Asks: 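Pasting in a structure now, in structure tokens, and then I'll have a few things to ask.
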Amino acid sequence: MRLPDIPHRHHRFVRTTAALGTGALALVRRRDVSAEYQGSLRGATALANAGLTWLTGSRAFLGKVGGSSGIDEFLGAFSTRGSGPVRYASSPAHISDIGALDGDADADTWWDEQASVTSPAFLNAVTAAAAGAVSWALWPATERLAEAIDAKLPTGVGRGLNAAVNGGLVALTAVLIDRIEDWAGDVDEEDYAPLEIELPAHIRETVEALLAQRHPNAPATAEAIREQFSSAQFFVWVAYPDSLHSGDEPVVLDPDQVEQLLADEDIRSIDVRPRASGSGVVPARHTYPVTGVTGSSALADADDAGDHSTVSTGQLELSLEIVDGRLSSVDLREVDAEPFADEPPASALAGSVPGTLHPQRFDDEEFGCSSSFEVTDVDDGAVDDDILTLARWPRPDELTFRTDGAASARE
């Protein structure tokens, strides 16, 4: 069961409720009820204090300030966990997991982040329960103190002053949180998330042209994939600044914001989520046996190529990935001209037996390593030629379609 919390989008309502509720609770006195109902009032006050404490500790009230309990960071300073070699990933873990867009999450990751004893949601629940218990235990003493203060002030002034101070402190805390967030927002951080897009017309035409090629094994498979593609939603992963959206709930961006996000985003894969609920294809996981290949010469020769004609000096391959019998992604990758170049030559393998070591040496540039980098000035608004934006994806007439086991055919 997921631990309860309130999304950040409700922060105004939650902060207002917490401030007003705290002020209202400060107006109540035990002398307002007869002795037989004071036990019930004591319990209700404890529950109210627990609820208000939980509200002020929720994500909606604390915002970014409540993003971490701080305990994990403190314990990490004394732990040997993670002290081994650094491991790098080509993409965040939540991106590479199949089904991330469908809401599937690894159980261990969910437990560590959402339900561990050091998570903010768990600590908030424990703190609220503790506040309720303390309120119950100290209720007689706090009531005697309130009555003593009321006796020294004109009628009603003590209650009003107590309500104003308590409610005002909660409201002031909310204002200070906003100021802290504004100060932290001066350093604009970027997050990475999927953005649903309207598939550009030239990419749709390209995929449709690929699917129009004769399937080498099962024409019914091509028809099923075409049906899935025609009804699908399309997503690309983009980096976005906190200033655009700092919450964790889906938000609809306006066209200008979408254009800004996609303007210089290097996109090599488009996630596909078919809406059609038809039967899947077999094999359940495979690369569609028809691909489209293009190169720099084909792009340069296109009359309407535009600025995407300088994308790559090599070939690009358009392919469709099938996962669980459904179209999962449209990928555009560079073709490795020498996929087996790093393997030992046949002459070296002729006398090789199990246990033979074949040392190989690589130049830094060949192996992709470099000890320095060069910063070059670029014009404002210019897009690097190596960045493959959606506008630079190839058109149908720039592709040579290839079918597994058959000769290539130019379309």
Side-chain angles (χ1 to χ4, degrees), residues 3-71 117-185 246-247:
L3 294 174
D5 206 343
I6 304 177
H8 184 264
R9 66 176 184 271
H10 301 303
H11 66 283
R12 291 184 179 178
F13 174 78
V14 169
R15 291 176 178 181
T16 301
T17 301
L20 295 178
T22 302
L25 186 62
L27 294 173
V28 180
R29 297 288 186 269
R30 65 178 174 182
R31 63 177 180 270
D32 295 336
V33 299
S34 59
E36 60 179 318
Y37 295 113
Q38 288 183 1
S40 299
L41 178 61
R42 182 179 183 179
T45 301
L47 288 176
N49 275 304
L52 290 170
T53 302
W54 182 79
L55 279 180
T56 56
S58 67
R59 182 169 33 178
F61 188 93
L62 295 178
K64 295 180 184 178
V65 177
S68 171
S69 63
I71 294 181
V117 295
T118 60
S119 69
F122 182 87
L123 291 179
N124 186 31
V126 171
T127 302
V134 170
S135 174
W136 171 274
L138 298 181
W139 188 76
T142 56
E143 285 299 311
R144 286 194 296 270
L145 178 62
E147 290 171 355
I149 295 175
D150 290 346
K152 295 181 180 181
L153 297 173
T155 304
V157 174
R159 294 190 191 221
L161 184 61
N162 192 20
V165 170
N166 284 276
L169 285 176
V170 175
L172 179 61
T173 300
V175 172
L176 291 176
I177 289 174
D178 284 338
R179 294 293 178 268
I180 293 174
E181 289 183 346
D182 291 341
W183 172 76
S246 60

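Worth saying up front: this structure is predicted, and the values here are computed from it rather than measured.
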Asks: Distance from Leu62 atom CG to Thr56 atom OG1, nearest 0.5 Å?
Replies: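 The OG1 atom of Thr56 is 7.0 Å from CG of Leu62, to the nearest 0.5 Å.
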Asks: Which heavy atom in Ser135 sits nearest to a heavy atom in Asn49, and how many Å separate them?
Replies: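 Answer, listing the atom of Ser135 first, then Asn49: OG-ND2, 2.7 Å.
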Asks: Supply the atom-to-atom distance Leu138 CG to Thr45 OG1, rounded to the nearest 0.5 angstrom.
Replies: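 Reported to 0.5 Å precision, the distance equals 12.5 Å.
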Asks: List the atom pairs, donor and acceptor, that lie under 3.5 Å between side-chain atoms in residues 19-26 and the rest of the protein, sequence neighbours left out.
Replies:
residue: Thr22; atom: OG1; partner: Ala18; partner atom: O; Å: 2.7

Asks: Which atom names give the shortest non-hydrogen contact between Thr53 and Ala128, and what distance separates them?
Replies: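 Smallest heavy-atom distance, with atoms named: CG2-CA, 3.9 Å.
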Asks: A side-chain contact here means heavy atoms from C-beta on lying under 4.5 Å apart; do Thr173 and Ile177 qualify?
Replies: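 Thr173 vs Ile177: side chains touch.
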Asks: Less than 4.0 Å between a side-chain N and a carboxylate O, is that true for Glu147 and Arg30?
Replies: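 Result for this pair is yes, salt bridge flagged.
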Asks: Tell me whether Arg42 contacts the main-chain N or O of Trp136 through its side chain, where contact means a donor paired with an acceptor under 3.5 Å.
Replies: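 Yes, Arg42 side chain to Trp136 backbone: donor-acceptor pair under 3.5 Å.
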Asks: CZ of Arg159 to CG of Leu153: how many Å apart, nearest 0.5 Å?
Replies: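 Answer for the CZ-CG pair, Arg159 versus Leu153, is 12.5 Å.
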Asks: If we only count heavy atoms from C-beta on, is the Arg31 to Asp150 side-chain gap below 4.5 Å?
Replies: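 Sidechains of Asp150 and Arg31: in contact.
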Asks: Determine whether Thr17 and Phe61 make a side-chain contact, defined as any pair of heavy atoms from C-beta on separated by less than 4.5 Å.
Replies: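 Sidechains of Phe61 and Thr17: no contact.
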Asks: Would you say the side-chain atoms of Thr16 pair up with the backbone N or O of Phe13, donor to acceptor, closer than 3.5 Å?
Replies: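 Flag not set: sc Thr16 to bb Phe13 has no pair under 3.5 Å.
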Asks: Would you confirm whether Asn162, through its side chain, and Gly158, through its main-chain N or O, come within 3.5 Å as a donor-acceptor pair?
Replies: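 Absent.
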Asks: Looking at Asp32 and Arg29, would you say the former's side chain and the latter's main chain have a donor-acceptor pair under 3.5 Å?
Replies: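 Pair found, side chain donor or acceptor close to backbone of Arg29.
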Asks: Sub-3.5 Å donor-acceptor pair from the side chain of Asn124 to the main-chain atoms of Trp54, do we have one?
Replies: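 Yes, the answer is positive, given that a donor and an acceptor are paired below the 3.5 Å cut-off.
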